[in-house]
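What follows is a short report on a single structure.
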Amino acid sequence: MGKLLIVGTVAFDAIETPFGKTDKILGGAATFIGLAASQFNVNSGIVSVVGDDFPQEYLDLFHSKNIDLTGLQIVKGGKTFFWSGKYHNDLNKRDTLATELNVLADFKPIVPDSFNDAEVVMLGNLHPDIQMSVINQMEKRPELIILDTMNFWMDHTMPELMEVVKHIDVITINDEEARQLTGEYSLVKAAAKIQTMGPKYVVIKKGEHGALLFHDDNIFFAPALPLEEVFDPTGAGDTFAGGFAGYLAATKSVTYENMKNAVVHGSNLASFSVEKFGTQRMKSLERAEVNKRLHQFKTLTQFDIELS
């Protein structure tokens, strides 16, 4: 069984889309990553922080998915990180209505001894200093370090972010972020430039248009499954990252060919995440459903062609 260390937020979200709205519900990058990775036979643990307002039922959910919480700090008298957002009609754009850092503002990550030898580290979207601190706490260099980040950190902490980028193997960002990070509009050129910064592999997420994997001169594309209904895209990117990292940790194979499989597994799980608000769909997701949809992905992209 592979060992996966997940670093990221465990949070409350309040979400409004054209299909409805929620009060405070379970959210956060580490949450979605952990739930997605739990679909694989992998020993995973979360490093994060919450306040003592975090409900026991959510902690029980993590335990039920065999997610280790030794690295989850619970701050007495503190409040859990909260984010609220409203999506536009096309669901591709959103407005942030509220961001309350709360206990996250003073978060100093502590990697438990039981996970400082993890083979795979998934650095979810957080301040680069926190991500770097986790890398420095590892007993030995993990076989694979995967980084997710966003344009906010590029705007405000670019030097710190670039230091983290030097130490990673895979970066997962969206097309807009890839262009901002490199100044290149062409995603092929952007990926090539990012590979000179440190990562051997670059995954560029394109939302409803799938994801691209770049390694050296190789390019692989995985489509997003066309869905009848999309209710909430909030955790889709983190779910993708969790499926990607979980599959690689479980298979213990860090090759370009296996990375292609990981991208498909990530895309597959992300297609479930958007079907309900927050983590609702991922909480109840069964392996049989996952496998059935994997076959849909295969038929979506498989074809025979004669080349003259």
Side-chain angles (χ1 to χ4, degrees), residues 2-9 29-30 32-34 36-37 42 44-48 71 109 111 115-154 156-175 177-182 184 187 190-205 211-216 218 220 237-238 240-249 251-256 258-260 262-263 266:
K3 192 178 285 189
L4 170 65
L5 179 65
I6 300 163
V7 186
T9 53
F32 284 102
I33 293 168
V42 61
S44 64
I46 285 177
V47 169
S48 191
V111 177
F115 275 89
N116 66 11
D117 61 346
E119 294 100 338
V120 179
V121 174
M122 179 68 232
L123 300 172
N125 179 31
L126 271 176
H127 194 294
D129 285 348
I130 295 176
Q131 296 172 327
M132 197 67 230
S133 171
V134 169
I135 293 173
N136 289 333
Q137 289 180 58
M138 300 306 291
E139 187 179 84
K140 61 179 182 178
R141 176 64 162 81
E143 291 180 27
L144 196 69
I145 303 176
I146 307 165
L147 170 72
D148 191 20
T149 190
M150 66 182 296
N151 46 17
F152 179 85
W153 307 118
M154 297 175 197
H156 300 284
T157 61
M158 184 63 95
E160 295 91 337
L161 175 60
M162 292 307 296
E163 184 60 31
V164 177
V165 169
K166 290 179 189 175
H167 291 81
I168 64 168
D169 303 293
V170 186
I171 188 169
T172 67
I173 50 179
N174 67 31
D175 44 2
E177 292 156 353
R179 289 174 174 130
Q180 180 175 347
L181 185 61
T182 62
E184 298 283 357
L187 295 181
K193 185 176 279 191
I194 292 170
Q195 288 181 72
T196 67
M197 299 173 182
K200 304 180 192 74
Y201 300 90
V202 177
V203 178
I204 299 180
K205 299 171 289 186
L212 290 156
L213 169 67
F214 297 86
H215 173 59
D216 293 335
N218 301 304
F220 173 73
D238 294 315
F240 172 91
F244 180 83
Y247 177 81
L248 291 171
T251 55
K252 295 187 175 183
S253 173
V254 182
T255 64
Y256 175 66
N258 205 41
M259 289 267 179
K260 294 196 290 188
V263 169

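For clarity, every value in this text was computed on a predicted model and none was experimentally measured. We use all heavy atoms of the structure for the numbers below, so side chains are in, but hydrogens, waters and symmetry mates are not.
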Closer than 3.5 angstrom, by distance alone: can the side chain of [X] be matched with the main-chain N or O of [Y] as a donor-acceptor pair?
X	Y	result
Thr172	Val203	no
Gln131	Thr149	no
His167	Met132	no
Asn174	Glu177	yes
Ser48	Gly8	yes
Glu163	Glu160	no

State, yes or no, whether a side-chain contact exists between [X] and [Y] at a heavy-atom distance under 4.5 Å.
X	Y	value
Leu213	Val202	no
Met158	Met162	yes
Leu123	Ile145	yes
Leu147	Met122	no
Val121	Ile146	no
Leu187	Arg179	yes

>> Using the salt bridge (Lys or Arg N to Asp or Glu O under 4.0 Å) criterion, which residues pair with Asp117? Sequence neighbours excluded.
In response: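 Once residues adjacent in sequence are excluded, the partners of Asp117 under the salt bridge (Lys or Arg N to Asp or Glu O under 4.0 Å) criterion are Lys3.
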If you look at every heavy atom in [X] and [Y], which pair is closest and at what distance?
X	Y	value
Ala245	Leu4	CB-CD1, 4.1 Å
Ile46	Ala30	CD1-O, 3.7 Å
Asn125	Ala29	N-CB, 4.3 Å
Pro109	Gln137	O-NE2, 2.9 Å
Thr182	Met197	CG2-CE, 4.1 Å
Gln195	Asp216	OE1-N, 2.8 Å

>> Walk me through whether Ile33 and Asp148 qualify under side-chain contact (heavy atoms from CB on, under 4.5 Å).
In response: CA-CA 11 Å; Ile33 293 168; Asp148 191 20; 5.9 Å; no
Just how far is it from atom [atom1] of [X] to atom [atom2] of [Y], taken to the nearest 0.5 Å?
X	Y	atom1	atom2	value
Ile204	Leu181	CD1	CG	9.5 Å
Glu184	Ile194	CD	CD1	10.0 Å
Tyr256	Lys200	OH	NZ	16.0 Å
Met259	Phe220	CE	CZ	13.0 Å
Asn218	Tyr201	CG	OH	9.5 Å
Met150	Leu161	CE	CG	11.5 Å

> Given the rule in the side-chain contact (heavy atoms from CB on, under 4.5 Å) test, do Ile173 and Lys205 qualify, once you have shown the distances and angles that lead to the verdict?
Replying inline: CA-CA 6 Å; Ile173 50 179; Lys205 299 171 289 186; 5.6 Å; no
> side-chain contact (heavy atoms from CB on, under 4.5 Å) with Pro199: which of Asp169, Val165, Val170?
Replying inline: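 Of the listed options, the one satisfying the test is Val165.
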> Any side-chain donor-acceptor pair under 3.5 Å between Asn258 and Tyr247?
Replying inline: yes
> Does the side-chain contact (heavy atoms from CB on, under 4.5 Å) test come out yes or no for Ile6 and Val47, once each step is laid out?
Replying inline: CA-CA 6 Å; Ile6 300 163; Val47 169; over 6 Å; no
>> Which label fits Phe244 and Phe240: parallel for a plane angle under 30°, tilted from 30 to 60°, or perpendicular past 60°?
In response: parallel
